[in-house]
Amino acid sequence: MLEATILLNEDKLGLYALQGTNKLAKYKVHEMLNKLHFLPPNFIVGTSQKKPLLYIWNMSQDSSVQKYVLPGIPLSVTTSPCGNYLAVGIDNCIKFWHLPSGQLVSTVSNHYQHITSLVWSFDGTLIISGGQDNLVNVWEFSKILKCQRSVSPLYTLTNHSLSITDVHCGFGGFKSRLFTSSLDSTCHIYELCSGKIMLSLEFPAPVSRLLVNKAESFVYAVSVSTAVYRVSLVSPPENDVSTEIKPFIQCPNKITACCLTDNDSAILIGSSEGDLLKYNAATGQVLPFSFKARLSVDDLISVAIPSYKRNDKPVPFPHQIPLKRATTGVLDESCLLLRPSYEPLQFVSDSDFLALVKEAVNEDKGSDNVSDLKEKVGELSALSEQLVKVATEQLIGS
């Protein structure tokens with residue numbers, strides 16, 4: 001695998017290798033972009049700053065770009081883990097498109113000001129939105145698909161006092177942790193399933209970006225100026241005194257973009273002066289890597305790609321249908337077929353779960369299909385072991 005970074009520099013977009021800063025590709029950009037998002041396996045999504053446009057570039061082709069017209073100027077963008085759904089924050093609303101058909105699935109709104117952050121949960125069942133109104137909303141995607149209008153969030157978090165700047169969702173489905181940051185200099189960590197706050201952190205400066213490694217052992221808070229703060233979640237601070245948290249990294253210029261490398265070993269930082277610096281994520285020391293652009297670095301994405309060859313056969317665009325601007329009331333059959341079969345959220349305690357299992361086992365004792373059930377259980381156990389192995393390999397980056 002090749003560690004690379006996608007760098008947005010004013011009206012220039014490029015792909016660079018992290019070893020040697022070799023420029024792998026340069027993509028045509030026709031205007032100023034605002035946000036970048038990586039759409040696996042081979043695509044870059046970018047949003048316009050001043051126009052209602054969204055672009056998708058093919059990483060294996062310099063000149064290949066697909067343009068989509070939106071109902072408004074996009075403020076934030078994300079795609080579902082399956083890659084079939086696109087969520088775009090426009091003003092105080094979230095619009096959902098089914099990419100294969102181009103159909104506008106739903107529009108939801110529970111914010112009073114512009115939406116600043118959007119993120120999908122790792123399993124795709126929930127989507128989280130943060131806004132300038134200090135609110136963080138957690139939505140059930142199954143309800144959004146079933147009800148195209150008048151959808152209420154699962155719950156709303158109101159612990160921040162200023163605009164939300166970043167939202168991060170960890171691994172683990174409903175039992176994962178939700179991280180939020182704000183201009184009020186705080187970072188809160190919640191239980192995703194219940195919205196219960198687990199830890200509050202206060203920093204000496206307003207936080208503009210939040211980075212969390214895959215093991216969720218460290219939180220990196222990027223300030224609006226030149227400092228990056230690190231907090232260990234293995235041994236978190238006992239109180240919320242901001243003076244105890246000292247800068248982990250001090251950059252020479254104002255930080256405008258920041259991201260962790262794909263293997264969590266380093267932090268990439270872009271500055272207002274066009275510098276791209278690489279720091280060790282464990283020690284905070286500067287690594288022998290440097291890149292200088294003429295203008296400010298606006299956004300960064302770190303990706304791990306297989307061997308990169310310019311002569312490789314490019315991966316075709318999966319979705320070339322224009323995005324519709326209004327819902328039709330009835331979803332197309334293609335959209336219905338690709339809708340994930342998520343069940344409504346049902347939280348069961350451990351004791352109730354064990355009781356249900358014992359009841360099911362007692363009912364099956366007199367059945368003639370006990371041997372068939374045992375065979376199925378063996379197959380499921382083997383499949384579970386394979387899934388755990390794959391997930392572990394992905395987490396450790398092997």
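Please read these numbers as outputs of a predicted model, since none were measured by experiment.
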### Task
Could you grab the distance from atom CG of N253 to atom CD of E273, nearest 0.5 Å is fine?
4.5 Å
### Query
Using a distance-only test with no angle check, is there a side-chain donor-acceptor pair under 3.5 angstrom linking T125 and E140?
no
#### Entry: Nearest non-hydrogen partners of G89 and L118, listed with the distance
N-CD1, 3.5 Å
### Task
Could you tell me which residues satisfy side chain to side chain contact (heavy atoms under 4.5 Å, CB included) with S381, sequence neighbours excluded, listed by chain and number?
V377
### Query
Do E31 and Q49 come within less than 4.5 Å of each other through their side chains, counting heavy atoms only?
no
### Task
Report yes or no: does D184 contribute a side-chain atom to a donor-acceptor pair with the main-chain N or O of S161 at less than 3.5 Å?
yes
### Task
Step through it carefully: locate the ring centre of W120, locate the ring centre of F141, and say whether they are under 6.0 Å apart.
yes
### Query
Does R230 use its side chain to pair, donor to acceptor, with the backbone of I249 at less than 3.5 Å?
no
#### Entry: Other ILVMFWY residues reachable from L135 by side-chain steps of under 4.5 Å
Y112
### Stepwise side chain to side chain contact (heavy atoms under 4.5 Å, CB included) check, V65 with K67
CA-CA 7 Å; V65 59; K67 181 171 70 174; 5.7 Å; no
### Task
Check whether any side-chain heavy atom of N159 lies under 4.5 Å from a side-chain heavy atom of T186, and answer yes or no.
no
### Message
Counting C-beta onward and ignoring hydrogens, is there a side-chain heavy-atom pair between I128 and T180 closer than 4.5 Å?
### Response
no
### Message
Working to the nearest 0.5 angstrom, can you tell me the gap between K278 NZ and L268 CG?
### Response
7.0 Å
### Query
Is the shortest heavy-atom distance from the side chain of L33 to the side chain of Y55 under 4.5 Å?
yes
#### Entry: Any side-chain heavy-atom pair of V29 and K12 under 4.5 Å
no
### Task
Indicate whether any N or O donor in one side chain lies under 3.5 Å from an N or O acceptor in the other, for N213 and S217.
yes
### Message
Taking CD in E379 as the centre, count heavy atoms belonging to other residues, nucleotides or ligands within less than 6.0 Å. Is the count above 12?
### Response
yes
### Query
Distance-only, no hydrogens or angles: does the T78 side chain make a donor-acceptor pair with backbone N or O of A87 under 3.5 Å?
no
### Query
When you look at C169 and F122, which way does the side chain to side chain contact (heavy atoms under 4.5 Å, CB included) test go after all the steps?
CA-CA 7 Å; C169 186; F122 184 71; 5.9 Å; no
### Geometric class of the H188/Y190 ring pair [parallel <30°, tilted 30-60°, perpendicular >60°]
perpendicular
### Query
After noting the C-alpha distance and the side-chain angles of F203 and C187, does the key distance pass the side chain to side chain contact (heavy atoms under 4.5 Å, CB included) rule?
CA-CA 8 Å; F203 298 95; C187 167; 3.7 Å; yes
#### Entry: Co-membership, hydrophobic cluster, residues L300 and V224, 4.5 Å side-chain
no
#### Entry: Whether D166 side chain and L210 backbone form a donor-acceptor pair below 3.5 Å
yes
### Query
Under a 4.5 Å side-chain heavy-atom rule over Ile, Leu, Val, Met, Phe, Trp and Tyr, are I127 and L75 clustered together?
no
### Query
How far apart are the closest heavy atoms of S129 and I94, and which atoms are they?
CB-CD1, 3.6 Å
### Query
Is there a side-chain contact between V303 and I44 (heavy atoms, below 4.5 Å)?
no
### Query
So, does K214 use its side chain to make a donor-acceptor pair with the main chain of D262 at under 3.5 Å?
yes
#### Entry: From OH (Y155) to CG (N137), nearest 0.5 Å
10.5 Å
### Task
To the nearest 0.5 Å, tell me how far S152 OG sits from K143 NZ.
8.0 Å
### Task
For the residue pair I269 and V222, establish whether any side-chain heavy-atom pair is separated by less than 4.5 Å.
no
## Note on the structure
Which of V207, T165, I164 passes side-chain contact (heavy atoms from CB on, under 4.5 Å) with L183? Answer is T165
### Query
Looking at Y85 versus F96, is the centre-to-centre ring distance below 6.0 Å?
no
### Message
Which residue in the set D91, T156, D133, N92 passes side chain to side chain donor-acceptor pair (under 3.5 Å) when paired with H111?
### Response
D133
### Over all atoms of both residues, closest heavy-atom pair of N34 and P74
ND2-O, 4.1 Å
### Task
State the CG-SG distance between L277 and C251, to the nearest 0.5 angstrom.
6.0 Å
### Query
Which one of S182, S163, S76 satisfies the side-chain contact (heavy atoms from CB on, under 4.5 Å) criterion with T116?
S163
### Query
So, do N58 and N42 sit near enough that their side-chain heavy atoms are less than 4.5 Å apart?
yes
#### Entry: Modelled atom types, side-chain donor and acceptor of T261 and S302, under 3.5 Å
no
### Query
Closest heavy-atom contact between I267 and A281?
CG1-CB, 4.1 Å
### Message
Using the rule that Ile, Leu, Val, Met, Phe, Trp and Tyr join whenever any side-chain heavy atoms are under 4.5 Å apart, tell me whether L162 and Y229 fall into a single cluster.
### Response
no
### Query
Rounded to the nearest 0.5 Å, how far does CD1 of I189 lie from CG of L201?
5.5 Å
### Joint cluster assignment, I73 & M32, ILVMFWY side-chain distance < 4.5 Å
no
### Task
Can you see which heavy atom on L70 is nearest to which on L54, and at what distance?
CD1-CB, 3.9 Å
### Query
Going through the distances and angles, do F179 and L233 end up as a side chain to side chain contact (heavy atoms under 4.5 Å, CB included)?
CA-CA 12 Å; F179 303 78; L233 297 183; 3.8 Å; yes
## Note on the structure
On a heavy-atom basis, the closest approach of A227 and I255 is O-CD1, 4.0 Å
### Message
Under the side-chain contact (heavy atoms from CB on, under 4.5 Å) test against T79, which residue among N84, L86, V88 passes?
### Response
L86
